[in-house]
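A quick write-up on the structure given underneath.
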There are 2 protein chains.
Amino acid sequence: MTVTETMRVPARSAGRDPADPCATRAEVHPRPDGRDQYTISEVVALTGLTAHTLRWYERIGLMAHVDRSHTGQRQYSNRDLDWLKLVGKLRLTGMPVADMVRYAELVRQGDHTYAERRDLLEATRRDVLSRIAELRDTLAVLDHKINIYADAGRASERV
Amino acid sequence: MTVTETMRVPARSAGRDPADPCATRAEVHPRPDGRDQYTISEVVALTGLTAHTLRWYERIGLMAHVDRSHTGQRQYSNRDLDWLKLVGKLRLTGMPVADMVRYAELVRQGDHTYAERRDLLEATRRDVLSRIAELRDTLAVLDHKINIYADAGRASERV
DNA sequence: TGCTTGCTTGGAGTGCACTCGAAGGTCATA
DNA sequence: TATGACCTTCGAGTGCACTCCAAGCAAGCA
């Protein structure tokens, strides 16, 4: 992978708009080494997503435009990483990408969309709760079946 | 929908092979009205699947061949309905259709596949457990975000 | 007798979420 | 200076799980 640690000084791009696109304010979690610039391959290693998928996320508007170096290469910030972490969680809930894009748009539109964002998140929360209930139910069915097979196994041993 | 209640006498097909394809033995749950024959549109109503999907399930081997009337129309049994219910549960776990087909094949192959079926089910069980854990985790993130928006809302009220 | 409804078939089409390929630019090291 | 690693773009391709279509048969009804 080689991940050449260039670590240039934040040219002028680190000072992003304080009402930033894709993270809830005051929620940026700096990574242990204190850096705030990551190449796409570093983000690949950190998130488990592919570089293709990261570029695609940006193309469809699921991520705000990522900073570029003077040669045009992407430089992801801690804020971007936080956003990707949230996206990862939302993806696990089965939320369609289109809905996540909608949420990203709301974030980009600024503070006056708080209520709508909250509604969206609360609807998702309800979804997650019912998915958990479904899975519990499925677990019960699975356990029932597994027991049947276990009993059958024991019965055939006794023969 | 019209579901013409023909209710013919089980011509000769109800007496299926006791080592039946797609249900664990002694697990047929008769429906309240005591019937054991359903047209495809009745099954659509009972399962929420489309007729297209039901035919497709049969085509790909996710269901054993369904009985036909003398005119070639499908007649689903209670056993088929039980199987569809299990498939529905497995589908909720995110199990790929190909894996469900594999399980259906094992069922069709008879009793000597019990151990393998059980392994498959236990692997699925582990998956379900970890999905539940993931969803709980996501729930925590969601609650955290929702609280932030709620606080922001209260703060702006106070202004 | 014709019309409508509901069913049959095989094959083609759809939507989603990636996933890949081709052509080309930049940079550090041999 | 050239080799290789890494990046860029846009457009096309993939795999999954359906979903639909066209042509045609059977049964009930005016």
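What's counted below: heavy atoms across the whole structure, side chains too, no hydrogens, waters or symmetry copies. Reminder, nothing fancy here: chain letters follow the sequence lines and each chain counts from 1. Since this is a predicted model, take the numbers as computed values, not measurements.
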Between [options], spot the one nearest the side chain of [X], thanks.
X       : options               : result
B:Thr50 : D:dT8, C:dT8, D:dT19  : D:dT19
A:Trp56 : C:dA17, D:dC7, D:dT8  : C:dA17
B:Gln73 : C:dG21, C:dG6, D:dA27 : C:dG6
B:Thr71 : C:dG6, D:dA27, C:dC18 : D:dA27

Has [X] got a side-chain N or O lying under 4.0 Å from the OP1 or OP2 atom of [N]?
X       : N      : answer
A:Arg74 : D:dT8  : yes
A:Arg59 : D:dC10 : no
A:Arg68 : D:dT9  : yes
A:Tyr57 : C:dA17 : no
A:Arg55 : C:dT19 : no
A:His70 : C:dC27 : yes

Taking only Lys NZ, Arg NE, NH1 and NH2, and the carboxylate oxygens of Asp or Glu, determine whether B:Arg74 and B:Glu58 approach each other closer than 4.0 Å.
->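 Between B:Glu58 and B:Arg74 there is a salt bridge, with a charged N closer than 4.0 Å to a carboxylate O.
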Ionic contact status for A:Glu122 with A:Arg126, cut-off 4.0 Å =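 So A:Arg126 does not pair with A:Glu122 through a salt bridge.
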Nearest whole angstrom, please: distance from the [atom2] of [N] to the [atom1] of [X].
X       : N      : atom1 : atom2 : result
B:Leu54 : D:dA17 : CG    : C1'   : 14 Å
B:Ile40 : C:dT9  : CD1   : C1'   : 12 Å
A:Glu42 : D:dC7  : CD    : C1'   : 13 Å
A:Leu90 : C:dA17 : CG    : P     : 13 Å
B:His52 : C:dT8  : NE2   : P     : 11 Å

At what angle, to 10 degrees, do the two end axes of the helix from C:dT1-D:dA30 to C:dA30-D:dT1 meet, given five pairs define each axis?
->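 Inter-axis angle at the termini of the helix from C:dT1-D:dA30 to C:dA30-D:dT1: 20°.
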Gap separating the [atom1] atom of [X] from the [atom2] atom of [Y], nearest 0.5 angstrom:
X        : Y        : atom1 : atom2 : answer
B:Thr93  : B:Arg125 : OG1   : CZ    : 13.0 Å
B:Thr47  : B:Lys85  : OG1   : NZ    : 12.5 Å
A:Asp111 : A:Arg117 : CG    : CZ    : 6.5 Å

Which residues within residues 92-99 of chain B lie with some heavy atom under 4.0 Å of an atom in DNA chain D?
->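 Those residues whose heavy atoms fall under 4.0 Å from DNA chain D, taken from residues 92-99 of chain B in numerical order, are B:Pro96, B:Val97.
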Pairwise 5' ranking along DNA chain D for A:Glu58 and B:Met100, keeping only the more 5' one =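 Its nearest nucleotide being more 5', the pick is A:Glu58.
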What is the ring orientation for B:Tyr103 with A:Tyr149, classed by angle as parallel under 30°, tilted 30 to 60°, or perpendicular over 60°?
->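 Rings of B:Tyr103 and A:Tyr149: perpendicular, over 60°.
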Check step by step if salt bridge (charged side-chain N to carboxylate O under 4.0 Å, His left out) holds for A:Glu116 and A:Arg102.
-> CA-CA 10 Å; A:Glu116 201 175 335; A:Arg102 171 84 190 122; 2.5 Å; yes
Assess the side chains of B:Tyr38 and B:Asp80: does a donor N or O sit below 3.5 Å from an acceptor N or O?
->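 No, B:Asp80 and B:Tyr38 have no side-chain donor paired with an acceptor closer than 3.5 Å.
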Any chance the side chains of B:Thr124 and B:Asp127 put a donor and an acceptor closer than 3.5 Å?
->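 Note: B:Thr124 and B:Asp127 side chains miss the donor-acceptor criterion.
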Should B:Ile148 and B:Asp151 count as side-chain neighbours, where that means a heavy-atom distance under 4.5 Å?
->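 No, too far: nothing below the 4.5 Å cut-off.
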